[in-house]
There are 2 protein chains.
Amino acid sequence: MKQPKARARRTREDIRERLLEAALLEFGAKGFQGASTRAIAKRVGAHQPQINYHFDSKESLWIAAVDHLFAHLTRAMQGLELLQKLDTSSGVNELAFAFADMIRRFVRFAAEHPQLNQIMVHEATSESGRLAWMTERHVRPLYDRVRPLWRRLRKAGIAAPIDDRLLHYVLVGAASTIYVNAPEARLLTGIEPTTTRWVKIHAEGLVSTLLPNLPRETK
Amino acid sequence: MKQPKARARRTREDIRERLLEAALLEFGAKGFQGASTRAIAKRVGAHQPQINYHFDSKESLWIAAVDHLFAHLTRAMQGLELLQKLDTSSGVNELAFAFADMIRRFVRFAAEHPQLNQIMVHEATSESGRLAWMTERHVRPLYDRVRPLWRRLRKAGIAAPIDDRLLHYVLVGAASTIYVNAPEARLLTGIEPTTTRWVKIHAEGLVSTLLPNLPRETK
DNA sequence: GTCTATAATTAGATAGAC
DNA sequence: GTCTATCTAATTATAGAC
């Protein structure tokens, strides 16, 4: 659209993008209140008022950062649309394989982007406008999509005996807590849980545990 | 020991106790930085400087509150000492029953005292002196005690195929996330997860899932 | 767009009367 | 032991020069 100022636009988007990434790190590590806009700006060599220039307020920055990260999650979880198709048209075995794949993807994403679940936990411990917004806008679509699939897998005897309303928190907790608490996990276990080796062990363990009667993959 | 001032002592301990409980609620909901000493004092009808009088500083209050809550957990988990004995002397089936009981107790505690896991998560997302202290003093004893038991249960084919170093976070996450995030869970699921009915469903689901080959209880 | 300076709040901690 | 008043430090947001 705008032909001139291409260089300037690139720079503008660039600083915004870098501020978003820095914000995710700070918000994830310290929570909304604990994170300071000075520290976020400093991470990218900018000054604190630039945050109010590029975003209206600390809260606007938080919203933009969360939108940014959930968009990333949606890309990584593209298989979910696949799941939806499978739910209505295909056999339960294909659904089970796809669900197992979704678990693996989610574990990998939680390991690579702990900020998402860190932010969710920081916000979810007390009611706030941010929590209500995040829940309705980003969490509910995932919850509503996964729940009926789990019910079907349970009826087929493939899934572990966990109620479909509780499953969301069992899965999110079992998959993400070690990455959310990675600073503690490093102290406690002596391992680096985010290596591909450990992520794979973790993901396969969850798949086998949550889908104990997953058929052998044939194809 | 001290005979006079019995009344005064009772009052003093009383206000300290109430400040600790209020501190747990605030620290759990908002994290260390997000919680304000003014809000904690206000919860019990006290003034903010009383916190510095009864405890030296905000950090001292936090330490005292965390000690208080872990002492409570230890009481609720008394079965752990039982587990230790079972590990060396008794059969693996008795160990499995005791482990299942421990899972049930832990789920119940997490539901009744979400502050514990809320505080752990708030702190565990970034390194700090508070995190190192809490990990070594309170978390490691539990971790070190449970890990060998889980190994034995896995070798016996009773436990789900989850590595014993990862199990700690899988169990803590699967058991506590719904209570840590209860404000979100209420919005999302429409259920009140802390009722005894749902806590029981949750606990039995985890026992069946994590110990899929638990023998039928005979005695 | 970026920088410095600063306004307006709010926090934890302390002093001193009672 | 408790209360009011206040100190000091840190925060987000804004104003204005460049």
Side-chain angles (χ1 to χ4, degrees), chain A residues 2 4-27 29-66 122-123 126 128-130, chain B residues 2 4-66 119 122-123 126 128-130:
Chain A
K2 294 180 183 174
K5 298 283 172 55
R7 169 95 166 67
R9 260 193 72 226
R10 229 200 59 161
T11 302
R12 179 188 174 80
E13 289 308 308
D14 205 53
I15 179 72
R16 277 182 59 102
E17 171 88 14
R18 280 187 299 159
L19 283 173
L20 287 177
E21 294 292 342
L24 287 171
L25 290 173
E26 290 289 322
F27 285 135
K30 313 270 185 68
F32 182 79
Q33 305 229 37
S36 87
T37 54
R38 274 181 167 78
I40 293 168
K42 192 171 185 181
R43 259 181 196 275
V44 301
H47 291 97
Q48 179 255 340
Q50 290 182 261
I51 288 187
N52 296 88
Y53 176 78
H54 287 284
F55 304 89
D56 274 358
S57 65
K58 187 183 182 181
E59 181 130 352
S60 298
L61 171 65
W62 183 90
I63 290 175
V66 171
H122 281 305
E123 294 300 325
S126 75
S128 71
R130 293 190 304 278
Chain B
K2 292 180 186 175
K5 302 279 174 58
R7 167 93 165 69
R9 261 195 68 227
R10 230 203 56 161
T11 304
R12 179 189 174 79
E13 288 308 309
D14 206 53
I15 179 71
R16 276 183 59 101
E17 171 88 16
R18 280 188 299 160
L19 283 173
L20 287 177
E21 294 292 341
L24 287 171
L25 290 174
E26 290 288 324
F27 286 136
K30 313 268 187 71
F32 182 79
Q33 305 230 38
S36 87
T37 56
R38 279 181 166 81
I40 293 169
K42 193 171 185 180
R43 258 182 197 274
V44 301
H47 290 96
Q48 179 256 340
Q50 289 181 262
I51 288 188
N52 296 88
Y53 176 78
H54 288 284
F55 304 88
D56 275 358
S57 63
K58 185 184 183 182
E59 181 130 353
S60 298
L61 172 65
W62 183 90
I63 289 175
V66 170
I119 288 172
H122 281 305
E123 294 300 326
S126 73
S128 71
R130 293 190 304 279

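Owing to the predicted nature of the structure, the values given are computational and were not obtained by experimental measurement.
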- Query: Could you give the CD1-to-P distance, from A/Ile15 to C/dG1, as a whole number of Å?
  - Reply: 11 Å
- Message: Please report the distance, rounded to the nearest Å, between CH2 in B/Trp62 and P in C/dG12.
- Response: 16 Å
- Query: In whole angstroms, how far is the P atom of C/dG1 from the CD1 atom of A/Ile51?
  - Reply: 17 Å
- So, for B/Ala46 and B/Ile15, which heavy atoms are closest and what is the spacing to 0.1 Å? CB-CD1, 4.4 Å
- Note, B/Trp62 side chain near B/Ile119 side chain (heavy atom, < 4.5 Å): yes
- Message: So A/His54 and A/Arg12, do their side chains get closer than 4.5 Å, heavy atoms only?
- Response: yes
- Message: Angle between ring planes, B/Phe32 versus B/Phe27, binned at 30° and 60°: parallel, tilted or perpendicular?
- Response: parallel
- Query: Any donor and acceptor pair, going by atom type alone, linking the side chain of B/Lys30 with main-chain N or O of B/Ser36 inside 3.5 Å?
  - Reply: no
- Report yes if a side-chain nitrogen or oxygen of A/Asn52 is closer than 4.0 Å to either non-bridging phosphate oxygen (OP1 or OP2) of D/dA13; otherwise report no. yes
- Task: Check the distance between C/dA11's P and B/Phe27's CZ and give it to me in whole angstrom.
- Result: 13 Å
- Message: Tell me the interatomic distance from B/Lys42, atom NZ, to C/dT10, atom C1', rounded to whole angstroms.
- Response: 14 Å
- Task: Could you check if a side-chain atom of B/Leu61 sits within less than 4.5 angstrom of a side-chain atom of B/Leu20, using non-hydrogen atoms only?
- Result: yes
- B/Glu17 side-chain N/O to B/Asp14 backbone N/O, donor-acceptor pair under 3.5 Å: no
- Query: Which is true for A/Ala35 with a 4.0 Å heavy-atom rule: it touches a base, it touches only sugar-phosphate, or it touches nothing?
  - Reply: sugar-phosphate
Give me, pair by pair, the N or O atoms of the protein and of nucleotides 3-7 of chain D that are less than 3.5 Å apart, along with how far apart they are.
| residue | atom | partner | partner atom | Å |
| --- | --- | --- | --- | --- |
| D/dC3 | OP2 | B/His47 | ND1 | 2.8 |
| D/dC3 | OP2 | B/Gln50 | OE1 | 2.8 |
| D/dC3 | O5' | B/His47 | ND1 | 3.2 |
| D/dT4 | OP2 | B/His47 | NE2 | 3.1 |

- DNA chain D contacts made by residues 53-61 of chain B, counting heavy atoms under 4.0 Å: B/Tyr53, B/His54
- Side chains of B/Gln48 and B/Arg38 in contact at under 4.5 Å (non-hydrogen atoms): yes
